Amino acid sequence: MRLVQFHRHGDKGGIRVGVEQGEGLGVVDLKAFDPSMPSTMKELLEMGDKGLECAQRALSSGQCVVERSDITLLSPVLAPEKVVCVGMNYRDHCLEQNAPIPTEPIIFSKFPSAITGPYDDITLPSESQEVDWEVELAFVIGQRGKHIREEDALSYVAGFTVANDVSARDWQMKRNGKQWLLGKTFDSFCPLGPALVTTDAVKDPHNLAIRCLVNGETVQSSNTDQMIFKTEKLVAWVSKFVTLTPGDVFLTGTPPGVGVFRKPPVFLKKGDVVECQIDQVGSILNKVV
């Protein structure tokens, strides 16, 4: 299934959860189908199998469909407890910067306030002159867990989505004691979407073509098979440190082709359009303002 969050035009305050009939097609409004269903993805995930079974029934019914032209898609998850990010997690990205292959996951975070919708604008902050792109496969936690075993880890994942880990390289690499957080967490620096594609609908998350285009020109093109630490390892590793809860978002790293390592470096400017694409998952398109 392709689960989405949306609001109807003219109803800015009203978040709804829906199921896409197909990528880019009409959306079944879950609450219209069953008024007992919640209005947010996080609450739906907290219901566990019961919520997903209702979503499947709603999709199969073909009822309560809203047209794409009548809605705005939001990020599939809003206000998660955590946004967990993984650095240097693609072999080809390590090679691009002559960096050693990590022997354990490099974890950092973004504040949840950085999340923005799949077609919303990326706002260039006046504090940075070096804003860069990073297409990433993201996944969302579906059930609470701590000390999760690697062999059980996928059962804790609700599904996958597309992310852009927008990064202010000056703040990431030169300022703030070279701690990455501030450079990664300006408002709008985490476009996410367009849908949460449930794990059963993604054949192999570690064999997906992944691309980023800036103004229609391909700048990143790789495959998730280049990931060093795969989904199961990341869930098991991070859950040693923190309890994972439904709605937590993981960004799993980026392939080569980012602007900072180009010669000369290239950074985003006002008017640019960034598109991040992952096969089977979807694409997000964000204008830089």
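Predicted, not measured: the structure shown is a model, and the values here were computed from it.
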Quick one: does any side-chain atom of [X] pair with a main-chain N or O of [Y] as donor and acceptor, under 3.5 Å?
{"X": "T224", "Y": "N207", "answer": "yes"}
{"X": "T161", "Y": "G193", "answer": "yes"}
{"X": "Q172", "Y": "L181", "answer": "no"}
{"X": "R2", "Y": "A201", "answer": "no"}
{"X": "N89", "Y": "M227", "answer": "no"}
{"X": "K110", "Y": "A114", "answer": "no"}

Residues R211, Q277; criterion side-chain hydrogen bond (donor to acceptor under 3.5 Å, both in side chains); working and verdict
CA-CA 5 Å; R211 293 173 296 279; Q277 308 171 339; 2.6 Å; yes
Under-4.0 Å salt bridge between [X] and [Y]:
{"X": "E130", "Y": "K174", "answer": "yes"}
{"X": "K42", "Y": "E81", "answer": "no"}
{"X": "E232", "Y": "K230", "answer": "no"}

How many angstroms lie between CD1 in I210 and OH in Y90, if you round to the nearest 0.5 Å?
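Those atoms lie 3.5 Å apart.
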Give a yes or no on whether [X] and [Y] share a hydrophobic cluster (residues Ile, Leu, Val, Met, Phe, Trp, Tyr; joining criterion: side-chain heavy atoms under 4.5 Å apart).
{"X": "V238", "Y": "V157", "value": "yes"}
{"X": "F160", "Y": "Y156", "value": "yes"}
{"X": "L3", "Y": "I115", "value": "yes"}
{"X": "W237", "Y": "V235", "value": "yes"}

Quick one: sort the F139 and F250 rings into parallel, tilted or perpendicular, breaks at 30° and 60°.
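Geometry flag for F250 against F139: parallel rings.
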Does [atom1] in [X] sit with more than 12 non-hydrogen atoms of other residues, nucleotides or ligands closer than 6.0 Å?
{"X": "K287", "atom1": "NZ", "answer": "no"}
{"X": "Q179", "atom1": "CD", "answer": "no"}
{"X": "F111", "atom1": "CZ", "answer": "no"}

Begin from the C-alpha positions of V266 and W133 and carry the test side-chain contact (heavy atoms from CB on, under 4.5 Å) through to its verdict.
CA-CA 10 Å; V266 179; W133 57 84; 4.1 Å; yes
Check the side chains of [Y] and [X] for a donor-acceptor pair under 3.5 angstrom, ignoring hydrogens and angles.
{"X": "T254", "Y": "Q220", "answer": "yes"}
{"X": "D152", "Y": "S155", "answer": "no"}
{"X": "K184", "Y": "S167", "answer": "yes"}

Looking only at non-hydrogen atoms, find the nearest pair between [X] and [Y] and report the distance.
{"X": "A209", "Y": "N223", "answer": "N-ND2, 3.7 Å"}
{"X": "I278", "Y": "E136", "answer": "CD1-O, 3.6 Å"}
{"X": "Q63", "Y": "V28", "answer": "O-CG1, 3.3 Å"}
{"X": "A168", "Y": "F189", "answer": "N-CE2, 3.7 Å"}

